[in-house]
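Since the structure comes first, as structure tokens, the remarks are kept for the end.
In the text below, chain A, chain B and the rest are named by the order of the sequence lines, each starting its count at 1. It should be emphasised that the depicted structure is a prediction, and the values quoted were computed from it without experimental measurement.
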Amino acid sequence: MSQAPATSLQDIISHAKEYGFVFPSSEIYDGLQAVYDYGQNGVELKNNLKAVWWKAMTQLNDNIVGIDASIFMHPLTWKASGHVDGFNDPMIDNKDSKKRYRADQLLEGKAEEYREAGQPEKAQELLNEMGRLLGAEDLAGVRDLIIAEGIKCQVSGTANWTDVRQFNLMFSTQVGSVAEDSSQIYLRPETAQGIFVNFLNVQKSGRMKVPFGIAQIGKAFRNEIVARQFTFRMREFEQMEMQFFVRPGSEMEWYNTWKEARMKFHKAIGLPAESLQYHDHEKLAHYANAAVDIEYKFPFGFREIEGIHSRTDFDLRNHQELSKKKQQYFDSEINQNYIPYVVETSVGADRLFLATFCNAYTRETVGEGEGQKERVYLKLHPALAPVKAAVLPLVKKDGLAEKAQSIAQSLKSSFRTVYDDNAAIGKRYTRQDLIGTPYCIAVDYQTMEDDTVTIRHRDSMEQERVHISELKDKIGYEVAMERILEVI
RNA sequence: GCGGGUGUAGCUCAGCUGGUAGAGCGAUAGCCUUCCAAGCUAUAGGUCGCGAGUUCGAACCUCGUCGCCCGCUCCA
């Protein structure tokens, strides 16, 4: 057995499409950029990943509960979170160098020059004018101002600028069926805010005591400037987030605890240690005082699959300010009221799916000499595989098919089982390998005599003979979610 | 958004200096078969990404457009 050439992202994309895991969205209309659909096998794998995450959070931890908040939220939510102001950037391109700049940063740079040149009044005047134009959303005015100030591109040295365009990372839509009565709202760019606005509801109705966590799985939407690398960066994506509310001052302790715990999770679902790494953030987001990514080694390099952030009390404090509703918790242990600090774990469901899929994709050269050939299979953890077992009659005749069908029927209520009698058995084994089915049950002539079958293991291709009555327990044990949860 | 590359069957690709489409694999049905994509027979599947233009004639040339890939820009 030797290792075949390195897997490219193209191999992954082709395999995902061919075997029903991921399809380009609206493909018959040439697709829609950065949007993908999960197919019949992909949805099973993704659901399994979501289920194991959900259980790892809400079942393994007494102090973590889940919610499912809406995608639509009150517009002030995004004011409080900083998304409205912080991610509404005016961009401008230089036509000669093709470099893109943030228009506000160009003007701020110019103001800085004035200040250094001993003209602070002029600097302030410029900043005021910029603020006025941006506030009025007068983008043409911003461009005029840049040209009037003689600002040039550092690369090309020219002032050959495009129009100023607004890049809002949030998608907006209208609520209200009648246009004149409608108001603009956003599709949430992160699920976290649904948790923050429900902090007190959950705390009070669940009699939760700090420290405690709220978990949520849900879709989020971002109008990314560029979207690439398959399902790694999509405009519509799914997050699995848990916000952990802690006593101020204890956040770093919890931050480190979750940093460890989350890495353990990724290893438990089968991602190898050598393909995972931490990446500490140098530049912290506006709300965080510590941040680390867990990165997975994709075919295109180490990239973030999960972020762990110490968010301080930024979000709750801002919600308290805008909503005028106290977001405080009374800690009876220390007899104090405070706004809890938050440690966030946020993993992309689609990224975890892609990491799992890339990791499972295995190409091996098997056999010797003339019999040598390439074998492709998905080495998925049995608990994650879309199909747990396939029941295959060796041949279709002599009652083997009927026998196999009744075995498949008897297993269906325990785990996802398929029956296949099409073509030669070798081909059927391969078909199951390609979608990662861990166990194939073959019904042969001996089965007709003594009710035993063979279980063929996907990774080793080895077979063992067991009695039909043992199948449910034996395979059921291996494919149970518990096999992952117990090692987290 | 810019630059470069690219688009032919489900997948991988061929298709000459323009003459109205092919292969392998896969799929489906049947035959055959006592265990790893076996064999045989048959079948289905493509307005060559889309739209214009040039031409007697365009998968091929020109322009536009859309998607994808690589790089840059952005990324809470």
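- For the pair A/K396 and B/C31, the criterion of a side-chain N or O lying under 4.0 Å from OP1 or OP2 is not met.
- In this structure, A/N422 does not reach the B/A27 phosphate: none of its side-chain N or O atoms is under 4.0 Å from OP1 or OP2.
- Spacing between B/C50 and B/C60 at atom P, rounded to whole Å, works out to 10 Å.
- A/L392 comes within contact range of no nucleotide atom at all, as no heavy-atom separation falls under 4.0 Å.
- Contact check, A/T454 against B/C35: no side-chain N or O comes under 4.0 Å of OP1 or OP2.
- Nearest nucleotide to the A/K427 side chain, out of B/A27, B/C36, B/U12: B/A27.
- For B/G39, the paired base is B/C31 (Watson-Crick or G-U wobble, both distances below 3.5 Å).
- Look at the P atom in both B/G10 and B/G19: the space between them is 24 Å, to the nearest Å.
- The base of B/C69 is not paired with the side chain of A/Q10 by any donor and acceptor separated by under 3.5 Å.
- On the C1' atoms, B/G49 is 23 Å away from B/U55, given to the nearest whole Å.
- The gap from the C1' atom of B/A58 to that of B/U54 amounts to 10 Å, rounded to the nearest Å.
- Contact of A/R456 with B/C36 (side chain to base): a donor-acceptor pair of N or O atoms is detected under 3.5 Å.
- For B/G26, there is no paired base (Watson-Crick or G-U wobble, both distances below 3.5 Å).
- Comparing B/C70, B/G10, B/U34 by their nearest atom to the side chain of A/L9 picks out B/C70.
- Within the nucleic acid shown, A/L394 comes within 4.0 Å of at least one base atom, counting heavy atoms only.
- Counting only distance, with no hydrogens or angles, the side chain of A/R188 and the backbone of A/S70 share a donor-acceptor pair below 3.5 Å.
- Checked for salt-bridge contact, A/E190 and A/R311 meet the test: a charged N lies under 4.0 Å from a carboxylate O.
- Comparing A/V395 and A/H457 by the nucleotide of RNA chain B that holds the closest heavy atom to each, the one mapping nearer the 5' end is A/V395.
- Nearest-nucleotide mapping onto RNA chain B: of A/Y429 and A/P189, the residue sitting toward the 5' end is A/Y429.
- The pair A/K46-A/D350 counts as a salt bridge, with a side-chain nitrogen and a carboxylate oxygen less than 4.0 angstrom apart.
- Across B/U62 and B/C74, the matching C1' atoms stand 35 Å from one another, rounded to whole Å.
- Put simply, CD on A/Q40 is 14 Å from P on B/A27, counting in whole angstrom units.
- The aromatic rings of A/F300 and A/F232 sit perpendicular to each other, their planes meeting at more than 60°, with 30° as the lower class boundary.
- Salt bridge status for A/D398 with A/K403: absent, with no side-chain N to carboxylate O gap under 4.0 Å.
- Base pairing analysis places B/U62 opposite B/A52; the two distances defining the Watson-Crick or G-U wobble pair are each below 3.5 Å.
- Across B/G3 and B/C11, the matching P atoms stand 30 Å from one another, rounded to whole Å.
- OP1 or OP2 of B/A27 lies within a sub-4.0 Å distance of a side-chain N or O belonging to A/R431.
- Base-pair partner of B/U20: not found among the strands shown (Watson-Crick or G-U wobble, both distances under 3.5 Å).
- Side chain of A/E18, nearest nucleotide from B/A76, B/G10, B/C69: B/G10.
- At a cut-off of 3.5 angstrom, the base of B/A76 holds at least one donor-acceptor pair with the side chain of A/H83.
- The aromatic rings of A/W254 and A/F244 sit tilted, their planes meeting at an angle between 30° and 60°.
- Comparing the P positions of B/G45 and B/A21 gives a spacing of 16 Å, expressed to the nearest Å.
- The side chain of A/R465 has B/C35 as its nearest neighbour among B/G10, B/C35, B/U34.
- Residue A/Q463 is classed as a base contact, given a heavy-atom separation below 4.0 Å to a base.
- For B/A44, there is no paired base (Watson-Crick or G-U wobble, both distances below 3.5 Å).
- Residue A/F230 is in sugar-phosphate contact alone, with no base atom involved, counting any heavy-atom pair closer than 4.0 Å across all strands shown.
- Look at B/C68: its Watson-Crick or wobble partner, with both distances under 3.5 angstrom, is B/G5.
- Rounded to whole angstrom, the span from the CG atom of A/D433 across to the C1' atom of B/C36 amounts to 8 Å.
- By the 4.0 Å N-to-carboxylate-O rule, A/R456 lies close enough to A/D433 to be salt-bridged with it.
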